[in-house]
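The structure appears below as structure tokens.
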Amino acid sequence: MSNKRFATKLVHGGFTPDGQTGAVNVPIYQTSTYRQKKLGEPTGGWEYSRTGNPTRAALEKLIAELEGGEAGFAFASGMAAISAVLMLFNAGDKILVSSNVYGGTFRVLDKVFTRFGLKYELVDSTKLNNIEEKIDSSVKAIYIETPTNPLLEITDLRGVAEISKKHGILSIVDNTFMTPYLQRPIELGIDIVVHSATKYLGGHSDLIAGLAIVANGTGLADRLAFIQNSTGGVLQPFDSFLLIRGIRTLGVRMDRHVSNTEKIVSYLINEPAVNRVYYPGHPSDPGYSLNLTQASKGGAMLSFELAPGYSPEKFLENLNLIMLAESLGGVESLVCHPASMTHASIPADIRKKIGISDGLLRLSVGIEDADDLIDDIKQALEASGR
């Protein structure tokens with residue numbers, strides 16, 4: 001598949017029609033175990049579905065092809081994938097982490113992994129010198145999101161890859177917001193990519209899944225496979241099937257997501273009720289130029305702050321089409337209040353320091369008609385003014 005264009009890989013990657021039946025979709029191998037022909041000779045190499053399952057294997061091969069990595073690994077959630085990657089490190093190791101990282105990532109680091117001796121430090125990764133000056137002998141990895149969640153800040157992926165290689169440490173990127181359709185960090189030198197596949201890759205708000213992909217030449221594939229099998233947080237066959245189905249339409253969905261987002265941003269930029277818009281796909285955004293060097297578009301996530309005198313609570317209560325909900329990346333538009341929802345686990349003083357205000361709203365733009373979404377935002381803004 002390496003010589004095929006990306007949209008074709010989305011549809012045909014990871015699986016060829018079944019040799020026995022000609023089925024064009026990978027079957028759901030809903031089994032926990034496999035008959036062995038004789039001692040030590042499992043049929044087709046399959047032994048037990050925690051260790052390996054043909055449906056999950058097709059998904060893992062597909063995401064490795066799409067991200068340009070050596071191997072992919074499917075987990076029961078995005079946090080399970082992130083946790084498995086963090087298990088690559090030892091007590092006493094330190095990880096540098098983007099300062100406005102997803103709240104769940106912060107929580108698992110701060111409340112779980114620190115109990116086992118893993119250390120972390122938040123850093124403004126948009127400035128590469130901030131990263132380099134924090135590196136000492138204890139630092140073993142750089143973990144970034146670009147765009148970040150929820151302020152959509154952009155980090156130089158090539159720069160992070162160069163710094164990590166210079167110091168002999170790993171680089172890890174959460175690529176959930178962009179997906180491999182818009183951005184492929186491994187091609188820019190990054191060692192590990194993770195996804196909450198619940199979001200755009202699944203695309204329909206009907207599954208929970210996580211993915212991790214390792215680059216060629218890192219020696220990480222066997223280590224991560226061992227962790228996946230040993231800890232057991234694997235994705236089930238039916239969800240693997242659903243995720244493959246979602247990925248097949250990723251290209252057409254993302255094109256519509258992004259188109260809608262650009263129209264909404266153009267409206268919000270000129271709306272007096274909105275104080276600031278965060279979106280790296282607009283020329284006014286500080287990360288716009290850098291983002292164009294490593295991603296094909298600005299994505300379909302945006303955040304905005306209401307102007308003084310407008311109530312976030314009233315705005316959210318008066319939306320009719322756009323739904324107030326956790327998560328993102330589905331075909332339907334979702335809005336959330338990061339300070340009390342996705343990033344509530346981050347202490348208030350840290351939220352304030354990194355710019356996550358109580359007036360900040362995050363919008364995941366769906367594939368509805370863009371004018372209907374704008375109309376919904378307009379009427380909610382009118383109703384939210386004091």
Side-chain angles (χ1 to χ4, degrees), residues 6-7 10 66-67 98-102 124-127 144-160 173-188 190 193 195-196 199-201 203 249-271 274-305 322 327-336 338 342 355-356 360-371 373-374 377:
F6 195 82
L10 289 172
L66 297 180
E67 285 285 8
S98 292
S99 55
N100 59 81
V101 73
Y102 167 56
D124 179 0
S125 61
T126 63
K127 299 177 178 63
I144 65 171
E145 295 175 5
T146 183
T148 54
N149 181 6
L151 297 177
L152 289 306
E153 293 178 331
I154 302 299
T155 293
D156 183 347
L157 288 172
R158 292 182 182 85
V160 168
V173 171
D174 185 331
N175 201 31
T176 299
F177 274 18
M178 283 303 197
T179 82
Y181 185 69
L182 300 178
Q183 176 175 271
R184 292 182 287 280
I186 287 175
E187 293 181 1
L188 303 177
I190 298 299
V193 169
H195 288 275
S196 174
K199 313 305 194 291
Y200 290 107
L201 295 178
T249 63
L250 177 65
V252 291
R253 286 188 289 105
M254 288 305 296
D255 285 343
R256 179 63 172 261
H257 280 300
V258 172
S259 173
N260 280 357
T261 305
E262 291 173 346
K263 291 176 182 177
I264 292 171
V265 167
S266 294
Y267 156 68
L268 290 174
I269 288 285
N270 297 301
E271 171 56 63
V274 174
N275 207 33
R276 181 173 177 182
V277 178
Y278 301 83
Y279 180 63
H282 193 274
S284 65
D285 191 90
Y288 175 76
S289 296
L290 175 58
N291 189 64
L292 283 180
T293 70
Q294 57 193 32
S296 58
K297 294 283 185 178
M301 296 298 301
L302 68 97
S303 293
F304 61 98
E305 292 176 349
I322 301 169
S327 199
L328 58 101
V331 292
E332 65 287 312
S333 294
L334 302 176
V335 66
C336 82
T342 58
I356 302 176
L360 184 73
L361 299 171
R362 190 193 73 184
L363 178 60
S364 169
V365 180
I367 64 171
E368 305 95 337
D369 188 287
D371 290 333
L373 295 174
I374 292 171
I377 294 170

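None of these values were measured; they are calculated from a predicted model.
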Stepwise side-chain hydrogen bond (donor to acceptor under 3.5 Å, both in side chains) check, Glu153 with Tyr278: CA-CA 8 Å; Glu153 293 178 331; Tyr278 301 83; over 6 Å; no
Verdict with reasoning, Asp174 to Val101, per side chain to side chain contact (heavy atoms under 4.5 Å, CB included): CA-CA 9 Å; Asp174 185 331; Val101 73; over 6 Å; no
Check against side chain to side chain contact (heavy atoms under 4.5 Å, CB included), Leu328 and Leu334: CA-CA 6 Å; Leu328 58 101; Leu334 302 176; 5.6 Å; no
Stepwise side chain to side chain contact (heavy atoms under 4.5 Å, CB included) check, Gln294 with Asp156: CA-CA 8 Å; Gln294 57 193 32; Asp156 183 347; 4.1 Å; yes
Working for side chain to side chain contact (heavy atoms under 4.5 Å, CB included), residues Leu152 and Phe177: CA-CA 9 Å; Leu152 289 306; Phe177 274 18; 3.9 Å; yes
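Looking only at distances, a side-chain donor or acceptor of Arg158 sits under 3.5 Å from a matching main-chain atom of Thr293. Using modelled atom types, one side-chain atom of Asn260 and one backbone atom of Gly366 make a donor-acceptor pair closer than 3.5 Å. Of the possible polar contacts, one joining the His257 side chain to the Val365 backbone as a donor-acceptor pair under 3.5 Å is found. Formation of a donor-acceptor pair under 3.5 Å by the Asn175 side chain with backbone atoms of Gln183 is found in this model.
Here the side chains of Met178 and Pro185 are not in contact, with every heavy-atom distance at 4.5 Å or above. Here the side chains of Glu368 and Ile322 are not in contact, with every heavy-atom distance at 4.5 Å or above. Residues Tyr200 and Ser364 meet the side-chain proximity criterion, which asks for heavy atoms closer than 4.5 Å. Within the 4.5 Å cutoff, no side-chain heavy atoms of Met301 are placed close to those of Ser303. Contact of the Glu145 side chain with the Asn100 side chain is not registered, since no non-hydrogen atoms from C-beta on lie closer than 4.5 Å. Contact of the Leu188 side chain with the Val160 side chain is not registered, since no non-hydrogen atoms from C-beta on lie closer than 4.5 Å. Using a 4.5 Å heavy-atom threshold, the side chains of Glu67 and Ile190 count as separate. Side-chain contact between Leu157 and Ile144 is present, with heavy atoms from C-beta onward closer than 4.5 Å.
With Tyr181 as reference, Asp255 is the one residue of Leu201, Leu66, Val258, Asp255 to meet the side chain to side chain contact (heavy atoms under 4.5 Å, CB included) rule. The side chain to side chain contact (heavy atoms under 4.5 Å, CB included) with Tyr267 is formed by just one residue from the set Ile374, Val277, Leu373; it is Ile374.
No hydrogens or angles considered: nothing links the side chains of Thr176 and Ser196 as a donor-acceptor pair under 3.5 Å.
The environment of NZ in Lys199 is crowded: more than 12 heavy-atom neighbours from other residues, nucleotides or ligands sit within 6.0 Å.
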